[in-house]
Number of protein chains: 2
Amino acid sequence: MNQPATPHAELRRAYLFADMPDDQLARLAHGMHMSELKQGQVLFRQGELAERFFMVREGLVKLYRLSPEGDEKIIEIIKPGQTFGEAVMFMGNQGRYPVNAEAVSDAHLFGFEQKVFLGVLRESHEACFGLLGSMSRRLHMLVNQIESLTLQNATYRLVAYLLDQIPGGVKHSPDLELTTPKGVIASRLAIQPETLSRILGKLRRANLIEVEGNHIMVRDVAALRKLVHMPPTET
Amino acid sequence: MNQPATPHAELRRAYLFADMPDDQLARLAHGMHMSELKQGQVLFRQGELAERFFMVREGLVKLYRLSPEGDEKIIEIIKPGQTFGEAVMFMGNQGRYPVNAEAVSDAHLFGFEQKVFLGVLRESHEACFGLLGSMSRRLHMLVNQIESLTLQNATYRLVAYLLDQIPGGVKHSPDLELTTPKGVIASRLAIQPETLSRILGKLRRANLIEVEGNHIMVRDVAALRKLVHMPPTET
DNA sequence: TCGCCACCTTGATCTTGATCAATCGGCACC
DNA sequence: GGTGCCGATTGATCAAGATCAAGGTGGCGA
């Protein structure tokens, strides 16, 4: 587990760890444990004492809230290489998770001790700055999500989500595919499954995307981009 | 401006500064400037380079996004003693404001240099932890807002907002009044002014609140609380 | 005092997306 | 090779809240 050449290369993928000094990272990694979740398995529930935070190695994990009536809203979908639960320590509610976490697919995780992390933060500015960066990113994402939920309709939200998910930095991104259960996308976008199905149908008929089970393939990035920049005039 | 006895008592009101070492706070305060905004005056716009962050001394400041069509969604209403714009530095978009800021009423602010703050953060863990705490609070608030927007209807959102705004820690809170323009509340809750007016009317007729211009007085906290815990069955 | 303007209220109607319902299509498990 | 179950699709209807359309009200400056 501790190769001398690339001690913790896998951990470095996470922004949180990217710039952390080697010795501090080693300290964190020393106390870490690995765990595997089966699809649908709950990792923790909202309100539980947060003694650990996590990094996803493989699979997808959803962070979500439930209404009293049982409706679910996914706040964030965590992908491999991302961390979650690391911001909890500083919450007013002295260390309780503000959301539920559950595996969307079979998943592998690293788990870290909050207490150890706290010690690392006290000793390393790089670690602090890493956490600040990670929290800033999350903050920004949430603000964007609020804007999207309140200022834009369901079609727009879906299109924006698709464009956000595909790597898409470059002109002709090689990978225009997205693999996520539809129910998960619906919950993330606060859309009913029936409505999502209709919107996907509409986009498919317009030859903008292709759908096959869990896979959504983006066919015409340019047209989707235009759809999102031009507001709500639709067929 | 620098009384020796209580050097920066006013600044200490902000969570961000509460536990910052005296000398660091002094350093920040040294470069700070004061500014006054008239009602409706814009402080900064989304996308501008963020060279400063702020603390409100008096008045209200709204942070908001605009849709291409000009619709506004208030993300947060900043009250006296609170800071804003301090989390921007660590954003991926190297220091650009993610929202617009405008005075809701005449306002007094302190402004601080991000650059100086960054220096303080490098030297003081307390400062880092203060910022982490402030960002955590904001994160939590945004998650709650997303839940509220997606899982709850307009009446519920308003009631939850009212209960959240009144100090309300104790049983019989002495101050059950809230003073905010209705348009601002509407935008914060993502409700149309017409709809807000109707909901306020409904609550007023049920003797749960009293409304007089900008003032909303909460009459029956217990009943409102019950309304929020019991879901959506309404008259 | 008047007149203007911004904001609020109230009523009528419309629209988006939710809900209800039926059917279909894998897929696992006997 | 059923059979039961879960998720997706599609159609029909419904409802919360938006939009459109008039008034009302109050503050404020001339």
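Chain letters run A, B, ... following the sequence lines, proteins first and then strands; every chain starts at 1. Computed from heavy atoms alone, side chains included, the values below leave out hydrogens, waters and symmetry copies. Remember, predicted model here, so these are calculated numbers, not experimental data.
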Asks: Can you measure B:Glu194 atom CD to C:dT15 atom P for me and round it to whole angstrom units?
Replies: 16 Å
Asks: Starting at atom CG of A:Asn214, determine the distance to atom C1' of C:dG26, rounded to an integer number of angstrom.
Replies: 13 Å
Asks: What is the separation between atom NZ on A:Lys73 and atom P on C:dA18, rounded to the nearest whole Å?
Replies: 13 Å
Asks: Please determine if B:Arg137 forms a cation-pi arrangement with B:Tyr15, meaning its NZ or CZ atom is less than 6.0 Å from the six-membered ring centre and no more than 45° off the ring axis.
Replies: yes
Asks: Could you tell me how far apart B:Asn153 (CG) and C:dT19 (C1') are, to the nearest whole angstrom?
Replies: 16 Å
Asks: Could you check whether A:Gly201 gets within reach of a base, just the sugar-phosphate, or nothing at all, counting any heavy atom under 4.0 Å?
Replies: nothing
Asks: Just the rounded figure in Å: distance from C1' of C:dT9 to CG of B:Leu203.
Replies: 15 Å
Asks: Side-chain donor-acceptor pair under 3.5 Å between B:Ser134 and B:Glu86, yes or no?
Replies: yes
Asks: Separation of A:Lys202 atom NZ from D:dT10 atom P, in whole Å?
Replies: 14 Å
Asks: Are a donor atom and an acceptor atom from the side chains of A:Thr195 and A:Gln192 found within less than 3.5 Å of each other?
Replies: no
Asks: Whole angstrom is fine here: how far is it from CD in B:Gln192 over to P in C:dA12?
Replies: 20 Å
Asks: Of the nucleotides D:dA18, D:dC20, C:dG17, which one has an atom closest to the side chain of B:Ile191?
Replies: D:dA18
Asks: Between C:dT10 and B:Arg205, counting only base atoms on the nucleotide and side-chain atoms on the residue, is there a donor-acceptor pair under 3.5 Å?
Replies: no
Asks: Are the aromatic rings of B:Phe54 and B:Phe110 close, with centres under 6.0 Å apart?
Replies: no
Asks: Which nucleotide in the set D:dA8, C:dC8, C:dT19 lies at the smallest distance from any side-chain heavy atom of B:Lys182?
Replies: C:dC8
Asks: Find the distance A:Leu158:CG to C:dT16:P and express it as a whole number of Å.
Replies: 17 Å
Asks: Side-chain N or O of A:Ser197 less than 4.0 angstrom from OP1 or OP2 on D:dT9?
Replies: yes
